[in-house]
Number of protein chains: 2
Amino acid sequence: MVYAVNGDIVGLEQAGAACRECNLFQLCLPVGMGSDELEELDSIIKRRRPLKRGEHLFHVGTPFHAIYAVRSGSIRTYAPTEDGHEQVTGFRLPGELLGLEAIHLKQHPCAAMAMETTSLCEIPFERLEELCLRLPGLQHQLLTVMSKELLQDQSLLMLLGKKSAEERLAALLLSLSERYQRRGFSPTDFHLSMSRNDIGNYLGMAVETVSRVFSRFQEDALLIVQRKHICILNLPQLAVIASRRVSDTE
Amino acid sequence: MVYAVNGDIVGLEQAGAACRECNLFQLCLPVGMGSDELEELDSIIKRRRPLKRGEHLFHVGTPFHAIYAVRSGSIRTYAPTEDGHEQVTGFRLPGELLGLEAIHLKQHPCAAMAMETTSLCEIPFERLEELCLRLPGLQHQLLTVMSKELLQDQSLLMLLGKKSAEERLAALLLSLSERYQRRGFSPTDFHLSMSRNDIGNYLGMAVETVSRVFSRFQEDALLIVQRKHICILNLPQLAVIASRRVSDTE
DNA sequence: CGATGCTTTGACGAACTTCAACGCGGGTGG
DNA sequence: CCACCCGCGTTGAAGTTCGTCAAAGCATCG
């Protein structure tokens with residue numbers, strides 16, 4: 001029996017029902033765990049009131065106590081550079097974890113802000129570590145998630161290091177498309193919860209360039225963009241652009 | 001009693017002596033572990049014959065069985081992009097781990113090549129996971145190391161996303177300087193084990209640009225560069241350049 | 001000692017940033 | 001309910017950084 005059809009039912013916050021009844025099951029931390037194990041994991045997870053657009057989950061320097069899983073909505077993480085500016089480090093969708101990069105310093109090196117109304121699961125880290133000692137599957141999954149994140153960062157490195165503006169934006173759109181699809185939404189028709197500024201910052205290009213590339217994509221009939229709504233017309237071609245060869249030295 | 005003064009004594013490979021007598025103790029996986037725990041960790045670690053310059057530790061797609069710690073020498077990791085080119089993802093110095101990004105896919109997503117004669121410790125991952133279940137300190141340290149790596153990747157993201165060629169090279173030199181210092185070498189006088197090509201690839205700039213920036217730094221009396229030998233004359237100024245404000249939209 | 005690969009330097013052009021102005025839409029207050 | 005205002009997004013023109021192409025210098029190695 002399924003009580004919660006999506007993760008956004010605020011009334012269920014703090015209720016006993018949790019991972020077992022969350023439709024993000026296969027994307028999140030509980031991947032591959034048995035139901036006994038799940039019950040144990042559930043018991044340490046806290047649910048908090050949803051964040052409104054613009055609210056922070058944590059700031060830079062906030063002591064690290066817990067990692068978080070997005071339940072619904074979306075989160076933007078960003079870090080201040082030494083020079084007083086910011087670098088957007090990622091956009092998190094439902095089922096994705098955040099806060100893992102804080103373990104080392106015991107405080108958050110980046111801030112996390114809701115890009116829209118967002119509900120989250122809070123997983124106290126010390127208790128998670130304890131639990132990992134007893135549940136091999138959980139330990140493995142935690143390591144796996146972190147490994148996955150390392151991998152993602154590496155592909156972003158390639159993006160920033162080797163790709164042109166068009167390729168970068170195409171890659172971001174593709175990534176969003178895939179992630180929405182895995183969550184049961186349309187891969188070709190979705191809403192951008194982040195601003196052009198966020199996109200430009202994340203992809204290492206000026207806002208104006210983001211805007212121009214969007215326009216160019218639209219001229220080429222690859223997509224239709226209306227403010228924050230994206231409708232992808234030619235996904236395969238977008239994929240071609242994203243993985244297009246870049247002139248290199250070798 | 002200390003048998004191995006540094007990690008490069010080939011004759012000791014496969015000998016019982018290991019972490020407890022390695023001078024990289026405080027940099028590597030065993031941080032904060034008791035001597036009983038260390039003994040257990042030692043028991044699963046294998047030492048292999050040193051790699052010669054240009055030899056691979058693993059290739060892309062190699063099944064993942066173990067993570068590695070650099071004992072002496074240095075390793076370059078790089079990943080092929082979809083377009084047939086490569087992106088250098090990092091340079092590993094003694095005491096640093098590699099292979100963690102492979103957990104998720106169960107095979108290595110990047111290749112690892114020795115930039116000079118390099119000896120390594122091999123840590124079978126399954127046995128490490130088992131051990132982590134019994135040694136909370138080890139589990140914590142493994143998570144910490146991965147967290148640290150996430151953090152490093154993020155600062156590299158900033159580098160590639162927001163910084164000019166000069167700032168990028170200054171940041172790399174600074175990073176190397178700090179890491180050499182922690183390992184007991186001179187922070188101002190060291191040998192670059194990587195080629196200009198590697199540097200350019202890693203920092204997302206053309207070889208020629210790397211060369212030009214080196215020349216500019218030398219003209220400005222920041223450093224003296226002779227082929228692969230670097231002598232930093234003005235470390236503080238280099239730090240200023242590395243963290244110089246970049247014109248942003250905000 | 002010539003060959004080869006790596007590095008450096010110069011000239012040119014392209015891609016992107018910067019600066020500036022304008023359009024659009026949503027929210028607020030009259 | 002409408003008008004105004006402000007933030008966000010778009011578009012154009014000029015300027016800069018960096019990549020590309022080409023060629024030459026310089027160590028290493030057979």
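Note: hydrogens, waters and symmetry copies are ignored here, and every other heavy atom, side chains too, is used. Every chain is numbered from 1 and lettered A, B, ... according to where its sequence line falls, protein lines coming before strand lines. If you're wondering where the values come from, they're calculated on a predicted model, not measured in any experiment.
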### Query
Does Tyr180(B) have Arg182(B) sitting over its ring (NZ/CZ under 6.0 Å from centre, angle to axis within 45°)?
no
### Query
Atom CD of Glu208(A) and atom P of dC19(C): how far apart are they, to the nearest Å?
10 Å
### Summary
Which of dT9(C), dC16(C), dC18(D) is nearest the side chain of Ser164(A)? It is dC16(C)
### Message
Once you measure the plane-to-plane angle for Phe64(B) and His108(B), does it fall in the parallel (<30°), tilted (30-60°) or perpendicular (>60°) bin?
### Response
perpendicular
### Message
Any carboxylate oxygen within less than 4.0 angstrom of a Lys/Arg side-chain nitrogen, looking at Glu208(B) and Arg196(B)?
### Response
no
### Query
What residues in residues 213-228 of chain A put a non-hydrogen atom under 4.0 Å from any atom of DNA chain D?
Ser215(A), Lys228(A)
### Message
Measure CG/Asn197(B) against P/dT20(D) and give the value in whole Å, please.
### Response
12 Å
### Task
Using a 4.0 Å heavy-atom cut-off across all strands, classify Ser195(A) as base, sugar-phosphate, or nothing.
sugar-phosphate
### Query
Are Arg212(A) and dT11(D) close enough that a side-chain N or O sits under 4.0 Å from OP1 or OP2?
no
### Query
NA contact type, Gly204(B), heavy-atom cut-off 4.0 Å: base, sugar-phosphate, or nothing?
sugar-phosphate
### Message
For a quick test of reading the model: is some side-chain N or O of Thr209(A) closer than 4.0 Å to OP1 or OP2 of dT17(C)?
### Response
yes
### Message
Under a 4.0 Å threshold between the charged nitrogen and the carboxylate oxygen, would Lys148(A) count as salt-bridged to Glu101(B)?
### Response
no
### Message
Just the rounded figure in Å: distance from P of dA27(D) to NE2 of His191(B).
### Response
15 Å
### Summary
From CD1 of Ile199(A) across to C1' of dT10(D) the rounded distance in Å is 14 Å
### Task
Just compare dT17(C), dG9(D), dC18(D) and give me whichever is closest to any side-chain atom of Ala206(A).
dT17(C)
### N-O pairing of Arg48(B) and Glu122(B) below 4.0 Å
yes
### Query
Starting at CZ of Arg196(B) and ending at C1' of dC26(D), how long is that distance when rounded to a whole Å?
13 Å
## Note on the structure
Whole-Å distance, His229(B) NE2 to dT7(C) C1', equals 17 Å
### Message
Assess whether a salt bridge exists between Arg49(A) and Glu55(A), defined as any Lys/Arg side-chain N lying under 4.0 Å from an Asp/Glu carboxylate O.
### Response
yes
### Query
What's the CE-P distance between Met115(B) and dC6(C), to the nearest Å?
15 Å
### Query
Can you find an N or O donor on one side and an acceptor on the other, under 3.5 Å apart, linking the side chain of Glu166(B) with the base of dC18(D)?
no
### Task
Kindly indicate whether a cation-pi arrangement holds for Arg216(A) with Phe214(A), taking the cut-offs as under 6.0 Å to the six-membered ring centre and within 45° of the axis.
no
### Query
What integer distance in Å separates Leu160(B):CG from dG19(D):C1'?
16 Å
